[in-house]
Amino acid sequence: MDKQRATTLFESLASGIRLDIFRLLVKHAPTGLVAGEIAALLALPPTNLSFHLKAMTYTGLLNVTQEGRYQRYRANLAVMQALVDYLTAECCAGNPEHCFDADKASSCCDSD
């Protein structure tokens with residue numbers, strides 16, 4: 001992943017509604033949800049939801065498949081993992097395995 005791709009993904013998630021949608025779909029991975037289920041669970045009007053789903057699908061954060069007259073949305077976990085990997089690639093002087101160990105991470109990084 002490069003800086004431009006990471007920026008695009010962050011811009012796509014720079015909305016409380018989109019964060020809620022993505023987190024809901026992560027919770028329902030790998031099966032995902034149809035748009036109506038997302039709208040009901042998040043109490044969103046369908047037109048508002050449609051706008052956000054389209055934007056997130058365009059950036060690759062979501063995958064969508066047609067199921068009859070419904071569209072099923074799934075969080076693209078591979079893209080999110082690539083983003084996390086990009087963010088932590090240089091963690092702790094190039095030792096990203098330390099990033100998720102709280103004791104090692106606190107000793108390698110300044111807390112200023």
Side-chain angles (χ1 to χ4, degrees):
M1 179 170 298
D2 63 17
K3 183 177 178 179
Q4 181 58 46
R5 177 78 172 123
T7 301
T8 299
L9 293 170
F10 280 118
E11 287 171 349
S12 183
L13 288 171
S15 154
I17 292 172
R18 291 183 190 176
L19 281 173
D20 289 345
I21 293 167
F22 191 81
R23 293 187 72 212
L24 178 67
L25 290 172
V26 167
K27 182 178 179 179
H28 288 275
T31 57
L33 297 167
V34 297
E37 293 171 322
I38 298 168
L41 289 168
L42 296 178
L44 295 171
T47 54
N48 190 1
L49 177 64
S50 176
F51 168 78
H52 292 292
L53 291 173
K54 182 178 179 180
M56 294 173 74
T57 301
Y58 179 77
T59 62
L61 283 169
L62 303 182
N63 294 319
V64 61
T65 54
Q66 193 71 37
E67 293 182 359
R69 56 180 242 209
Y70 300 102
Q71 291 186 314
R72 181 169 298 273
Y73 292 88
R74 292 177 177 88
N76 188 337
L77 300 178
V79 167
M80 187 51 57
Q81 185 61 56
L83 181 60
V84 170
D85 292 346
Y86 172 79
L87 290 173
T88 59
E90 298 300 321
C91 178
C92 296
N95 297 296
E97 66 276 6
H98 295 243
C99 290
F100 302 106
D101 183 329
D103 293 331
K104 290 179 183 175
S106 65
S107 67
C108 78
C109 304
D110 293 333
S111 58
D112 293 336

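All of these numbers come straight from a predicted model, not from anything done at the bench.
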Check your understanding: Tell me, do Tyr86 and Leu9 make a side-chain contact under 4.5 Å, heavy atoms counted?
Key -> no

Practice item. Can you sort out the partners of Gln4 under side-chain contact (heavy atoms from CB on, under 4.5 Å), two or more places apart, ordered by chain and number? Key: Asp2, Thr8

Check your understanding: In chain order, what residues pass the side chain to side chain donor-acceptor pair (under 3.5 Å) check against Arg23, with sequence neighbours excluded?
Key -> none

**Study point:** Matching residue for Tyr73 among Leu33, Leu24, Thr57 - test: side chain to side chain contact (heavy atoms under 4.5 Å, CB included)
**Key:** Thr57

Review point. Would a hydrophobic clustering, with Ile, Leu, Val, Met, Phe, Trp and Tyr connected at side-chain separations under 4.5 Å, put Tyr58 with Leu25?
Key: no

Review point. Do Ser15 side-chain atoms and Ser12 backbone N/O form a donor-acceptor pair below 3.5 Å?
Key: no

Revision key, fill the gap. With sequence neighbours left out, the residues meeting side-chain contact (heavy atoms from CB on, under 4.5 Å) with Asn76 are Asn63, Ala78, Val79

Point to revise | Hphob cluster co-occupancy, Val84 + Leu62, side-chain heavy atoms under 4.5 angstrom | key: no

Revision key, fill the gap. Note: Gly60 and Arg5 closest approach over all heavy atoms is CA-NH2, 4.2 Å

Revision key, fill the gap. To the nearest 0.5 Å, atom CG of Leu41 lies from atom NZ of Lys27 at 8.0 Å

**Study point:** By side-chain contact (heavy atoms from CB on, under 4.5 Å) - contacts of Glu11 (at least two apart)
**Key:** Thr7

**Study point:** Residues forming a side-chain contact (heavy atoms from CB on, under 4.5 Å) with Leu19, sequence neighbours excluded
**Key:** Leu13

Review point. With sequence neighbours left out, what residues match Glu37 under side chain to side chain donor-acceptor pair (under 3.5 Å)?
Key: none

Study note, to complete from the structure: Those residues at least two apart in sequence (or on a different chain) that pass side chain to side chain donor-acceptor pair (under 3.5 Å) with Thr65 are Arg74

Going by atom type alone, with no hydrogens or angles, which donor-acceptor pairs under 3.5 Å involve a side-chain atom of residues 42-54 and a protein atom two or more places apart or on another chain?
| residue | atom | partner | partner atom | Å |
| --- | --- | --- | --- | --- |
| Asn48 | OD1 | His52 | NE2 | 3.1 |
| His52 | ND1 | Arg18 | NE | 2.9 |

Review point. With a cutoff of under 4.5 Å between side-chain heavy atoms, which Ile, Leu, Val, Met, Phe, Trp and Tyr residues group with Tyr70?
Key: Val34

